Amino acid sequence: MATSTNKTAAFGVKLIDIPQVYVETPLHPENLTVWCALWAGGIIGPYFFKNDEGHNVTVNGDQYRAMITNFFIPELNNHDVQELWFQQDGATCHTARATIDLLKDTFGDRLISRFGPVNWPPRSCD
């Protein structure tokens with residue numbers, strides 16, 4: 001919003017208008033969490049994590065498992081994917097016991113993850 005002020009000097013001479021500009025910025029920028037899967041046949045996703053009101057959220061284990069169950073697995077079923085390996089990093093929502101159990105049920109021994117059948121190496125650069 002820009003406003004200007006008119007000021008008259010003591011001798012009746014009009015001073016130059018000086019605009020005053022106010023820029024509103026949020027205290028904290030909005031975060032965005034996006035997930036996708038890469039495989040030889042292409043990309044599955046992107047999937048944007050949002051709450052029921054449509055606002056971006058930080059992902060927790062329940063939201064991650066809901067995405068795997070309601071988005072990723074149905075997408076995999078739409079492709080001719082056999083013997084697929086699933087790899088993920090050691091983020092807390094990825095390694096919750098319920099998440100690992102879901103992924104083991106889906107991928108069996110073809111899971112590369114912390115606490116998975118094939119352990120994700122600590123401090124991995126991947």
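Values below: every heavy atom of this structure, side chains too, minus hydrogens, waters and symmetry copies. Quick caveat: nothing in here was measured; it's all calculated off a predicted structure.
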Participant: Using the side-chain contact (heavy atoms from CB on, under 4.5 Å) definition, which of the options Leu102, Asp101, Leu103, Thr95 pairs with Thr99?
Facilitator: Leu103

Participant: For the residue pair Trp35 and Ile44, what are the closest heavy atoms and their distance?
Facilitator: CZ3-O, 4.1 Å

Participant: Can you see which heavy atom on Asn56 is nearest to which on Lys50, and at what distance?
Facilitator: OD1-NZ, 2.7 Å

Participant: Quick one: ring pair (Phe, Tyr, Trp, His ring centres under 6.0 Å) partners of Trp85, sequence neighbours excluded?
Facilitator: none

Participant: Closer than 3.5 angstrom, by distance alone: can the side chain of Gln88 be matched with the main-chain N or O of His94 as a donor-acceptor pair?
Facilitator: yes

Participant: Search all heavy atoms of Asp89 against all heavy atoms of Ala91 and return the closest pair with its distance.
Facilitator: OD1-N, 3.1 Å

Participant: Do you know the tightest heavy-atom contact between Arg65 and Asp62?
Facilitator: NH2-OD1, 2.5 Å

Participant: Quick one, Leu76 with Trp39, criterion side-chain contact (heavy atoms from CB on, under 4.5 Å). Give me CA distance, side-chain angles, the key distance, then yes/no.
Facilitator: CA-CA 11 Å; Leu76 279 180; Trp39 61 298; 5.9 Å; no

Participant: Mind listing the closest non-hydrogen atom pair of Gly45 and Cys36 along with its distance?
Facilitator: CA-CB, 4.4 Å

Participant: Got a second to check how far Phe107's CZ is from Ile112's CD1, nearest 0.5 Å?
Facilitator: 11.5 Å

Participant: Checking Phe48 against Leu32 for the side-chain contact (heavy atoms from CB on, under 4.5 Å) test, could you report, in this order, the C-alpha distance in whole Å, the side-chain angles of both residues, the deciding distance, and whether it holds?
Facilitator: CA-CA 8 Å; Phe48 297 90; Leu32 175 66; 3.7 Å; yes

Participant: Hey, could you give me the CG/CD1 distance between Asp105 and Ile68, rounded to the nearest 0.5 Å?
Facilitator: 12.5 Å

Participant: To the nearest 0.5 Å, what is the distance between CG (Asn77) and CD (Glu75)?
Facilitator: 9.5 Å

Participant: If we check side-chain contact (heavy atoms from CB on, under 4.5 Å) with Phe72, which of these qualifies: Phe86, Tyr64, Tyr47?
Facilitator: Phe86

Participant: As an exercise, state the distance from CG of Leu111 to CG of Leu84, rounded to the nearest 0.5 Å.
Facilitator: 11.0 Å

Participant: Does Asp109 have more than 12 heavy atoms from other residues, nucleotides or ligands lying within 6.0 Å of its CG?
Facilitator: no

Participant: Looking only at heavy atoms, which two atoms of Val59 and Gln63 are closest? And how far apart?
Facilitator: CA-OE1, 3.3 Å

